[in-house]
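Only one structure is covered here, and it is reproduced in the block below.
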Amino acid sequence: MNIQERMASCQLFTDHDANYPEEAAALARARQRGKALCYEINRLHPNDLEGRKTLMSQLFGGMGDNVWMEPPIRMAYGSNTTIGNNVYINFNLTVVDDYKVAIGNDVMFGPNVTIAVTGHPVHPEKRKEGGMFALPVVIGDGAWIGSGAIILPGVTIGKGSVIGAGSVVTKDVPANVIAVGNPCKVLREITENDRVYYYKNMRFDQVEW
């Protein structure tokens, strides 16, 4: 199997495999392209919204409508990440997207979120052999990822769920829940009561628009 086939089958791989020099070189070019686009995005003047939008459309593997991103951003490839419609990305998103990252519609990211699809063997002798693995990350429609959250390889976050600030998400989170902590665990379901209160005892019907 070549490098990308090994990724897709969840096997260990190296992105500089000497058995596949042309593929390894192509992957290196793709990584360099992603880094260069991130660099260009991060150095744009804040008023150059059209320039940012154009570069974002080149960076991501797919991007829907009404996507807002606050630079800076860091990505391994960019081209392995797809983003839906109406997505808000706050400052300092880092995505290690050696493999697929799928972000749904209406997703919100707080500042300093990290998504990593890649891991390494735990045993130090095995790590020295240079192999790594990559597992896809999926963030469902309407999810809110709180500030400083870290999402690890293979995680799926269900539709509408909230990941608390600073959480380390090591396994799947079901839909329509609030999950927090390290490791991240479900705190409670999102209920009809959350239509009444937007924060603690603060009510929607007391808000003046």
Side-chain angles (χ1 to χ4, degrees), residues 4 7 15-16 24-118 134 136-153 155-157 159-169 180 184 198-199 202 207-209:
Q4 290 174 305
M7 288 184 194
D15 53 21
H16 54 275
L27 290 171
R29 288 193 297 270
R31 289 193 300 275
Q32 193 65 18
R33 177 182 180 275
K35 291 175 184 177
L37 285 167
C38 287
Y39 174 83
E40 294 297 333
I41 289 169
N42 294 340
R43 67 192 291 268
L44 280 179
H45 192 282
N47 291 341
D48 190 358
L49 302 183
E50 286 303 313
R52 186 192 308 173
K53 182 178 179 180
T54 298
L55 290 171
M56 287 166 57
S57 69
Q58 297 173 22
L59 174 64
F60 298 118
M63 186 178 76
D65 297 326
N66 193 32
V67 176
W68 181 270
M69 184 187 69
E70 294 284 359
I73 187 171
R74 299 284 185 271
M75 307 196 79
Y77 285 81
S79 56
N80 291 330
T81 296
T82 59
I83 299 180
N85 300 316
N86 307 313
V87 172
Y88 177 80
I89 300 169
N90 215 322
F91 304 103
N92 292 315
L93 176 66
T94 297
V95 186
V96 183
D97 61 339
D98 296 306
Y99 196 51
K100 299 175 183 178
V101 175
I103 298 167
N105 301 317
D106 305 304
V107 173
M108 295 175 59
F109 290 94
N112 301 309
V113 171
T114 296
I115 302 171
V117 305
T118 304
V137 167
V138 178
I139 300 177
D141 295 348
W144 173 19
I145 313 301
S147 301
I150 300 172
I151 301 170
L152 296 184
V155 165
T156 293
I157 295 173
K159 293 182 178 181
S161 286
V162 176
I163 305 300
S167 296
V168 179
V169 190
V180 301
C184 189
Y198 60 91
Y199 183 70
M202 301 176 185
V207 174
E208 294 184 7
W209 293 100

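Values below: all heavy atoms of this structure, side chains included; hydrogens, waters and symmetry mates excluded.
- Using a 4.5 Å cut-off on side-chain heavy atoms (C-beta onward), V207 and Y198 make contact.
- Every residue meeting the side chain to side chain contact (heavy atoms under 4.5 Å, CB included) condition with S147, not counting sequence neighbours, appears here in chain and number order: P111, A165.
- Nearest approach of P71 to R52, heavy atoms of both residues: CD-CZ, 3.7 Å.
- To the nearest 0.5 Å, atom CG of residue L44 and atom CE of residue M56 are 11.0 Å apart.
- Interatomic distance, CZ of F109 versus CD1 of I163, reported as 10.5 Å (0.5 Å rounding).
- For the side chain to side chain contact (heavy atoms under 4.5 Å, CB included) test, residues two or more places apart in sequence or in another chain that qualify with D97 are M75, A76, Y77, N80, T81, V95, V101.
- R31 and D98 are not joined by a salt bridge, as no carboxylate oxygen comes within less than 4.0 angstrom of a charged side-chain nitrogen.
- Annotation: side chain to side chain contact (heavy atoms under 4.5 Å, CB included) contacts of N86 (sequence neighbours excluded): N66, D106.
- In this structure the side chain of V67 never reaches within 4.5 angstrom of the side chain of K53, judged on heavy atoms.
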Full working for side chain to side chain contact (heavy atoms under 4.5 Å, CB included) between M69 and I41: CA-CA 10 Å; M69 184 187 69; I41 289 169; 3.4 Å; yes

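- Rounding to the nearest 0.5 angstrom, the gap separating the OG atom in S161 from the CD1 atom in I139 is 11.5 Å.
- Although no hydrogens or angles enter the test, the distance criterion places a donor-acceptor pair under 3.5 Å between the side chain of N105 and the main chain of N85.
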Full working for side chain to side chain contact (heavy atoms under 4.5 Å, CB included) between Q4 and L27: CA-CA 9 Å; Q4 290 174 305; L27 290 171; 3.9 Å; yes

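- Partners of V155 by side chain to side chain contact (heavy atoms under 4.5 Å, CB included), not counting sequence neighbours, listed by chain and number: I151, I157, V169.
- Here the shortest heavy-atom pairing between Q58 and L37 reads OE1-CD2, 3.6 Å.
- Scored by the ring-ring contact (aromatic ring centres under 6.0 Å, His included) test, Y39 finds no partners at all (sequence neighbours excluded).
- Going from atom CG of D15 over to atom OG1 of T118 covers 8.5 Å, rounded to the nearest 0.5 Å.
- Side-chain contact between L59 and C38: present, with at least one pair of heavy atoms (C-beta onward) separated by less than 4.5 Å.
- By the 4.5 Å heavy-atom criterion applied to side chains, P136 and V117 are not counted as neighbours.
- Side-chain contact check for M108 versus V87: every heavy-atom pair is 4.5 Å or farther apart.
- In this structure, the separation between CD1 on I103 and CD1 on I89 is 5.5 Å, given to the nearest 0.5 Å.
- Each salt bridge (Lys or Arg N to Asp or Glu O under 4.0 Å) pair with one or both residues in residues 39-50, not counting sequence neighbours, appears once here: E40-R43.
- Panel note: side chain R33, backbone S79; no donor-acceptor pair is recorded below 3.5 Å.
- Minimum interatomic distance between C184 and S167 (heavy atoms only, all atoms of both residues): SG-CB, 4.0 Å.
- A distance of 4.5 Å separates CG in L93 from CD1 in I73, rounded to the nearest 0.5 Å.
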